[in-house]
Q: 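Handing you a structure now.
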Amino acid sequence: MKITAIVPRLPPAVDGVGDYGLNLAQQMRQDFGIITNFVIGDANWSGEAIIEGFAVKQVADCSRTALLELLLNQDDIKQTLLLHYVGYGYAKRGCPVWLVEALEQLRKGGNNRRLVTMFHEIYAFGPIWNSQFWTSPLQRNLATRLIKLSDRCLTSKEGYADIIRKFSQGKHSDIPTLPVFSNVGEPKNLTPLSARQRRLIIFGGTVPRSRVYQQSLLALQRTCQELEIEEILDIGSPLKFQIQPINGIPVTCLGIKSSQEISNILSNSLVGFFNYPTEYLSKSGVFAAYCSHRLLPIGVWDEGKDGDGLQAGKHYWLADRDRCNLDLSKGQIVADNAFAWYEQHQLSVQAVTFATYLGFAE
């Protein structure tokens, strides 16, 4: 059983969607014997032709012709296509016209290929002074065309499923919502918070980590004080500014680490701190990593709404809103709730759903 998966990039590039696609492919191979051939949608990507035992090809350029040539030259022309879609992964302005046109032409060719699309995002929007305001209509148009092209659609957020349902005009009603899984592992036999080092982790991309230090300093200081934090580790690409000590605690910057190294660190840490829109936590790989390692997720309030089964104060703590003092016993309850929420859609569970929608399981 073979499929072709289209992703923006794969390792060694740092790309959350690519990591998601690779981890999913490994799990489906292990559980269902499904072999994934990858097509890279970034012509500037540089990597190996075989990654984790999977064949990898990339487009010569971001054009309809280049993608069609790759897809039509697969060993099995009838292979099911799995598209991991995020507009900005395939085009600078989030409008990969070439990608959608190629898939439209492929479907018109009558080769009976099944197309399953995982919408990691649908379209962007923003204020009038932002480029997203001007590209949003085209992004919506491309997403709508993809939705209508696809045999099945999945997504990572309930709100996105509602949009897909609306845009499909009756074609799609059953749209699984699968909050993203951890790209840095799902360890077993995790120790309780009381047995861990008094360590706080700040992990992720440069923008959300920068927000932690630049916009959440008081909340971060309060967290360190209430939980008697003794060590702070920063994991990710170097930031463009000097990080000052928090409550006299130096921040140790580890840079980019392997998935296993990150997992080992998280497994013996107390808190995972974030500054991320709470309404979008279901699509945060960092939040997923905190939950899967049974850390206490702590963030800041941004007037976002609860959704996707998550509740502030139950599955994560808001350091600038919850005014009662936080201790380890309260923190353990929140960490346990977050872990239980995560287990409902962990990688092995998602592999079953994908295998079913790809037509390989019941």
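Along the sequence shown, the residues carry numbers beginning at 1. The model shown is predicted, which means the values in this text are computed figures rather than measured ones.
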Q: Can you check whether Gly185's main-chain N or O pairs, donor with acceptor, with Ser292's side chain at less than 3.5 Å?
A: yes
Q: Distance only, no hydrogens: is a donor on one side chain within 3.5 Å (strictly under) of an acceptor on the other, for Gln27 and Asn23?
A: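 Distance-only check fails for Gln27 and Asn23.
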Q: Determine the minimum heavy-atom distance between Asp327 and Ser329, stating which atoms define it.
A: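 Closest heavy-atom pair between Asp327 and Ser329: OD1-OG, 2.8 Å.
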Q: Could you state whether Val86 and Leu83 fall into the same hydrophobic cluster, counting links through intermediate Ile, Leu, Val, Met, Phe, Trp or Tyr residues with side-chain heavy atoms under 4.5 angstrom apart?
A: no
Q: Grab the two heavy atoms, one from Pro8 and one from Ile40, that are nearest each other, plus how far apart they are.
A: O-CG2, 3.1 Å
Q: Please give me the minimum heavy-atom distance between Ala195 and Asn268, naming the atom from each residue.
A: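 For Ala195 versus Asn268, the nearest heavy atoms are O-OD1, 4.2 Å.
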Q: Between atom OG of Ser150 and atom CZ of Arg107, what is the distance when rounded to the nearest 0.5 Å?
A: 7.5 Å
Q: How far does CD of Glu158 sit from CD1 of Ile175, to the nearest 0.5 angstrom?
A: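 Atom-to-atom, Glu158:CD and Ile175:CD1 are 12.0 Å apart.
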Q: Assess the residue pair Ile232 and Phe273 against the criterion (side-chain contact (heavy atoms from CB on, under 4.5 Å)); give the C-alpha distance rounded to whole Å, side-chain angles, the decisive distance to 0.1 Å, and a yes or no.
A: CA-CA 10 Å; Ile232 302 173; Phe273 201 93; over 6 Å; no
Q: Okay, side chain of Arg209, backbone of Gly204: is any donor-acceptor separation there less than 3.5 Å?
A: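 A pair under 3.5 Å: yes.
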Q: I need the single residue from His120, Arg93, Gln139 that forms a side-chain hydrogen bond (donor to acceptor under 3.5 Å, both in side chains) with Tyr88. Which is it?
A: Gln139
Q: Hydrophobic clusters here meaning ILVMFWY residues chained together by side-chain heavy-atom distances under 4.5 Å, can you tell me if Leu115 and Val59 are in one?
A: yes
Q: Taking the side chain as C-beta and beyond, is there a heavy-atom pair between Leu326 and Ile298 under 4.5 Å?
A: yes
Q: In Å, rounded to the nearest 0.5 Å, how long is the span from CG of Leu154 to OG1 of Thr177?
A: 9.0 Å
Q: Between Glu231 and Arg199, is the closest basic N to carboxylate O distance under 4.0 Å?
A: yes
Q: At their closest point, which heavy atom of Pro297 faces which heavy atom of Cys291, and how far apart are they?
A: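 Distance-wise, the nearest heavy atoms are CG-SG, 4.5 Å.
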Q: Using the ring centroid of each side chain, check whether Phe360 and Phe32 are separated by less than 6.0 Å.
A: no
Q: Is the closest side-chain heavy-atom distance between Val251 and Pro245 below 4.5 Å?
A: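 Result no, sub-4.5 Å side-chain heavy-atom pair not found.
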Q: Using only atom types and a distance under 3.5 Å, with no angle test, would you say the side chain of His293 pairs donor to acceptor with the backbone of Ala289?
A: yes
Q: Please report the closest heavy-atom contact between Glu343 and Val349, naming both atoms and the distance.
A: O-CG2, 3.9 Å
Q: Any salt bridge linking Arg145 with Glu104? Criterion: basic side-chain nitrogen under 4.0 Å from a carboxylate oxygen.
A: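 Result for this pair is yes, salt bridge flagged.
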Q: Determine, using the 4.5 Å side-chain heavy-atom cutoff (strictly less than), whether Leu296 and Val212 are members of one ILVMFWY cluster.
A: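 The answer is yes; both residues are in one hydrophobic cluster.
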Q: Between Arg114 and Asp151, does any side-chain N to carboxylate O distance fall below 4.0 Å?
A: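 Salt bridge flag = no for Asp151 with Arg114.
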Q: Hydrophobic clustering (ILVMFWY, side-chain heavy atoms < 4.5 Å, transitive) - are Tyr276 and Leu318 grouped together?
A: yes
Q: Would a distance-only check, ignoring hydrogens and angles, find a side-chain to backbone donor-acceptor pair under 3.5 Å from Arg113 to Thr80?
A: no
Q: Does the Tyr85 side chain pair with the main chain of Ile122, one donor and one acceptor, at a distance under 3.5 Å?
A: no
Q: Under 3.5 Å, is there a donor-acceptor pair linking the side chains of Asn275 and Ser216?
A: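 Asn275 vs Ser216: donor-acceptor pair found between side chains.
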Q: Indicate yes or no for a side-chain donor-acceptor contact from Trp45 to the backbone of Leu10 under 3.5 Å, with no hydrogens or angles considered.
A: yes
Q: Following the transitive rule for hydrophobic clusters with a side-chain heavy-atom cut-off under 4.5 Å over Ile, Leu, Val, Met, Phe, Trp and Tyr, establish whether Leu71 and Ile34 coincide in one cluster.
A: yes
Q: Run the numbers on Phe54 and Asn37 for side-chain contact (heavy atoms from CB on, under 4.5 Å), then give the verdict.
A: CA-CA 6 Å; Phe54 300 111; Asn37 294 321; over 6 Å; no
Q: Quick check on Gln214: does its CD atom have over 12 non-hydrogen neighbours (other residues, nucleotides or ligands) under 6.0 Å away?
A: yes
Q: I would like to know whether Lys283 and Asp308 meet salt bridge (Lys or Arg N to Asp or Glu O under 4.0 Å); could you show each step before the answer?
A: CA-CA 10 Å; Lys283 58 191 295 295; Asp308 302 290; over 6 Å; no
Q: Between Glu52 and Arg29 (salt bridge meaning N to carboxylate O under 4.0 Å), is one present in this structure?
A: no
Q: So Phe181 and Tyr20, would you call those rings parallel, tilted or perpendicular, with 30° and 60° as cut-offs?
A: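 Because their plane-to-plane angle is under 30°, the rings of Phe181 and Tyr20 count as parallel.
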Q: Is atom NZ of Lys166 surrounded by more than 12 heavy atoms (other residues, nucleotides or ligands) closer than 6.0 Å?
A: no
Q: Applying side-chain contact (heavy atoms from CB on, under 4.5 Å), run through Asp336 and Arg294 and close with a yes or a no.
A: CA-CA 6 Å; Asp336 289 346; Arg294 218 167 196 152; 3.0 Å; yes
Q: Do Asp234 and Tyr213 get their side chains close enough for a donor-acceptor pair, meaning under 3.5 Å?
A: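 A donor-acceptor contact under 3.5 Å links the two side chains.
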Q: Any side-chain heavy atom of Asp162 sitting closer than 4.5 Å to one from Tyr160?
A: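 They are not in contact (no side-chain heavy atoms under 4.5 Å apart), so the answer is no.
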Q: Can Thr4 and Leu82 be said to form a side-chain contact (heavy atoms from CB on, under 4.5 Å), step by step?
A: CA-CA 6 Å; Thr4 298; Leu82 172 59; over 6 Å; no
Q: Between atom CZ of Phe339 and atom CD of Glu186, what is the distance when rounded to the nearest 0.5 Å?
A: 8.5 Å
Q: Got a donor-acceptor contact below 3.5 angstrom from the Ser282 side chain to the Ser156 backbone?
A: yes
Q: Looking only at atom types and distance, does a side-chain atom of Tyr280 sit under 3.5 Å from a main-chain N or O of Lys157, one as donor and one as acceptor?
A: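 Checking the backbone N and O of Lys157 against the side chain of Tyr280, no donor-acceptor pair under 3.5 Å is found.
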Q: Any donor-acceptor pair under 3.5 Å linking the side-chain atoms of Glu261 with those of Ser258?
A: yes
Q: Can you confirm whether Gln225 is buried at CD, in the sense that more than 12 heavy atoms of other residues, nucleotides or ligands lie under 6.0 Å from that atom?
A: no
Q: Within a strict 4.5 Å, meaning less than it, do heavy atoms of the Ile164 and Lys171 side chains meet?
A: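 Counting from C-beta outward, Ile164 and Lys171 never come under 4.5 Å.
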Q: Do Tyr90 and Ile6 make a side-chain contact, defined as non-hydrogen atoms from C-beta onward lying under 4.5 Å apart?
A: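 Yes, at least one pair of side-chain atoms sits under 4.5 Å.
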Q: Which distance, rounded to the nearest 0.5 Å, do you find between the OH of Tyr342 and the NE2 of His315?
A: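 Answer rounded to 0.5 Å: 14.5 Å.
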Q: Kindly give the heavy-atom pair with the smallest separation between Thr223 and Ala319, and that separation in Å.
A: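 Here Thr223 and Ala319 meet closest at OG1-CB, 3.4 Å.
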Q: Using a 4.5 Å cut-off on heavy atoms from C-beta on, say whether the side chain of Val180 contacts that of Phe287.
A: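 A side-chain contact under 4.5 Å is absent here.
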Q: Would you confirm whether Arg9, through its side chain, and Gly18, through its main-chain N or O, come within 3.5 Å as a donor-acceptor pair?
A: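 No, Arg9 side chain to Gly18 backbone: no donor-acceptor pair under 3.5 Å.
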Q: Could you tell me whether the side chain of Leu193 reaches within less than 4.5 Å of the side chain of Val271, counting heavy atoms only?
A: no
Q: So does Gln221 get a backbone contact from the side chain of Asn247, meaning a donor-acceptor N/O pair under 3.5 Å?
A: yes
Q: Would you call Asp320 and Arg222 a salt bridge, taking side-chain N to carboxylate O under 4.0 Å as the test?
A: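 Salt bridge absent between Asp320 and Arg222.
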Q: Output the distance between atom CG (Leu149) and atom CG (Leu103), rounded to the nearest 0.5 Å.
A: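 Between atom CG of Leu149 and atom CG of Leu103 there are 6.5 Å.
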Q: Any side-chain heavy atom of Leu22 sitting closer than 4.5 Å to one from Pro11?
A: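 They are in contact (side-chain heavy atoms under 4.5 Å apart), so the answer is yes.
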